[in-house]
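Here the structure is laid out as structure tokens; the discussion comes afterwards.
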Amino acid sequence: MPGANKIACIFLGAPGSGKGTQAKKLESKLGMPHISTGDMLRQEIDRASQLGLQVKSVLASGALVDDSLMLEVLRARLTQNDTQKGFILDGYPRNLPQAKALENLLTGMGITRVQVLYLSLAQDALVQRLVGRLSCPKCGTVFHKEFNKPKVSDTCDNCGHSPLQHRKDDSEDTAVQRLGIFDVQTKPLIEYYKQKNLLHEVNAAQDMDKVESELLRALKVKGK
Ligand code: AP5
Ligand code: MG
């Protein structure tokens, strides 16, 4: 089966827990692309594509995009050439129907090696990280006004683009709204993957390098 050697690595965690930061750090080390459904949707919004226009107000409100639409976006992405070793999923699945749809999709692709890394962090720290976040609109690298400043003010360390942007859904009100949605819709996935013995929890309150080395260790142990 063509997918037998691929690894589906799922980063689970609340908004602001560091999924995007860590996935970006790990993609070259693991040789697997970072697939962020949020980044993909934001790119569509920037391009003003039909999909972008359809989801723009949903993202601005902090609500979730329709499950069937998200599944089609993901299905198209997972068949691209850069996924030969596998992929790091950031932001999918976000509820039980998405988790079940993903299972069917992976089974259809012959992928049986699945690892779920849960980045855990307390609510007050999550809000602080979200409201201070700066993102590069060109390459998606994220920074923070206090915790992770760019080397040159307002300029991306990775691609040199300036200025950096504050995400529209990172206002305090919308951030709190997104965290509420995480609690209700996404948190049940922690138990779901625990029951399947696929979940590894990492303390995301540590500094970024420590979180990265714990993730790498977990991936090596579970990847055997
Ligand atoms: P998405 O883009 O996926 O947002 P999210 O899940 O809310 O997660 P974030 O990107 O906000 O946080 P993160 O965990 O990536 O944290 P980051 O690394 O940036 O989704 C956006 C929207 O798209 C959704 O609301 C929804 O509308 C839609 N959508 C997406 N997927 C969907 C799906 N499957 N179904 C339906 N709708 C979907 O870090 C945060 C900050 O903390 C940064 O400033 C960073 O520098 C800093 N930081 C990171 N690590 C550390 C550390 N260790 N110490 C100190 N600071 C740190
Ligand atoms: Mg992110």
Side-chain angles (χ1 to χ4, degrees), residues 10-27 34-45 51-52 54-75 77-78 88-99 101-102 105 117-122 124-136 140-150 156-158 164-171 174-183 185-187 189 202-215:
I10 299 170
F11 278 14
L12 193 61
S17 56
K19 303 181 298 295
T21 300
Q22 294 298 332
K24 267 241 161 321
K25 278 157 84 68
L26 290 180
E27 65 178 344
H34 164 209
I35 297 180
S36 157
T37 44
D39 285 350
M40 288 163 72
L41 295 171
R42 280 184 291 277
Q43 279 159 15
E44 295 296 328
I45 292 170
L51 171 63
Q54 206 176 337
V55 301
K56 189 172 179 175
S57 61
V58 182
L59 265 79
S61 74
L64 295 185
V65 170
D66 175 71
D67 288 345
S68 54
L69 193 57
M70 283 315 308
L71 182 60
E72 288 324 304
V73 170
L74 185 72
R75 193 196 301 276
R77 179 64 184 90
L78 293 190
I88 307 169
L89 280 184
D90 158 11
Y92 196 101
R94 287 175 113 99
N95 56 27
L96 278 169
Q98 289 189 8
L102 178 63
L105 189 58
L117 285 311
Y118 168 47
L119 293 160
S120 62
L121 189 64
D124 53 346
L126 290 167
V127 175
Q128 269 189 318
R129 286 192 187 179
L130 290 171
V131 298
R133 172 168 51 191
L134 294 169
S135 311
C136 175
T141 304
V142 289
F143 301 90
H144 192 279
K145 287 175 185 168
E146 282 174 66
F147 311 141
N148 180 23
K149 294 181 184 172
C156 178
D157 292 357
N158 183 44
L164 299 173
Q165 277 178 356
H166 185 61
R167 257 170 61 176
K168 287 200 176 60
D169 58 350
D170 279 345
S171 66
T174 311
V176 169
Q177 158 88 357
R178 286 159 59 210
L179 290 168
I181 290 173
F182 174 82
D183 279 346
Q185 300 216 33
T186 313
K187 250 192 185 160
L189 296 183
V202 170
N203 173 11
Q206 307 172 93
D207 73 51
M208 288 175 205
D209 290 343
K210 188 85 201 317
V211 176
E212 182 188 0
S213 56
E214 281 203 17
L215 288 170

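Numbering of ligands and ligand atoms starts at 1, following listing order. Predicted, not measured: the structure shown is a model, and the values here were computed from it.
At a heavy-atom distance under 4.0 Å, only backbone atoms of F143 (N, CA, C or O) approach ligand 1. Residue T21 touches ligand 1 through backbone and side chain together, judged by heavy-atom distances below 4.0 Å.
Minimum interatomic distance between A99 and L189 (heavy atoms only, all atoms of both residues): CB-CD2, 3.7 Å. Shortest non-hydrogen contact noted between S36 and R42 is OG-NH2, 4.4 Å.
Near T37, with a cut-off below 4.0 Å to any heavy atom, the atoms of ligand 1 are 30 (C), 31 (N), 32 (C), 34 (N). For ligand 1, the atoms closer than 4.0 angstrom to any heavy atom of G91 are 31 (N), 32 (C), 33 (C), 34 (N). Counting the atoms of ligand 1 from 1 in the order shown, those under 4.0 Å from a heavy atom of A63 are 25 (O), 26 (C), 27 (O). Applying the 4.0 Å criterion to heavy atoms of N148 picks out, from ligand 1, the atoms 46 (O). Close approach to L130 involves these atoms of ligand 1, each under 4.0 Å from a residue heavy atom: 11 (O). For ligand 1, the atoms sitting less than 4.0 Å from at least one non-hydrogen atom of Q206 are 52 (C), 53 (N), numbered in the order shown with element in parentheses. Taking every non-hydrogen atom of A14 and a distance limit under 4.0 Å, the qualifying atoms of ligand 1 come out as 14 (O). Listed by atom number, the atoms of ligand 1 under 4.0 Å from R42 heavy atoms are 2 (O), 21 (C).
Contacts of D66 classified as salt bridge (Lys or Arg N to Asp or Glu O under 4.0 Å), with partners at least two apart in sequence or in another chain: none. Residues that satisfy the salt bridge (Lys or Arg N to Asp or Glu O under 4.0 Å) test with K56, not counting sequence neighbours, are absent from this structure.
Listed for the R178 side chain is a donor-acceptor partner under 3.5 Å among the backbone atoms of D169.
Heavy-atom proximity to atom 50 (N) of ligand 1, evaluated over R178, K210, R129, is greatest for R129. Of all the listed residues (L64, L59, L126), L59 holds the heavy atom that lies closest to atom 22 (C) of ligand 1. Nearest residue to atom 35 (N) of ligand 1 from Q177, Q98, M208 is Q98 (criterion: closest heavy atom). With atom 20 (O) of ligand 1 as the reference point, the heavy atom nearest to it among Q128, R94, K25 is part of R94.
Within the 4.0 Å heavy-atom shell around ligand 1 one finds R167. Distances shorter than 4.0 angstrom do not occur between any heavy atom of K24 and any atom of ligand 1.
Taking a cutoff of 4.0 Å between a charged side-chain nitrogen and a carboxylate oxygen, D39 and K24 do not qualify as a salt bridge. A salt bridge between D67 and R94 is absent, with no side-chain N of the basic residue lying under 4.0 Å from a carboxylate O of the acidic one.
Here CG of L126 is found 9.5 Å from OG of S120. Values are rounded to the nearest 0.5 Å.
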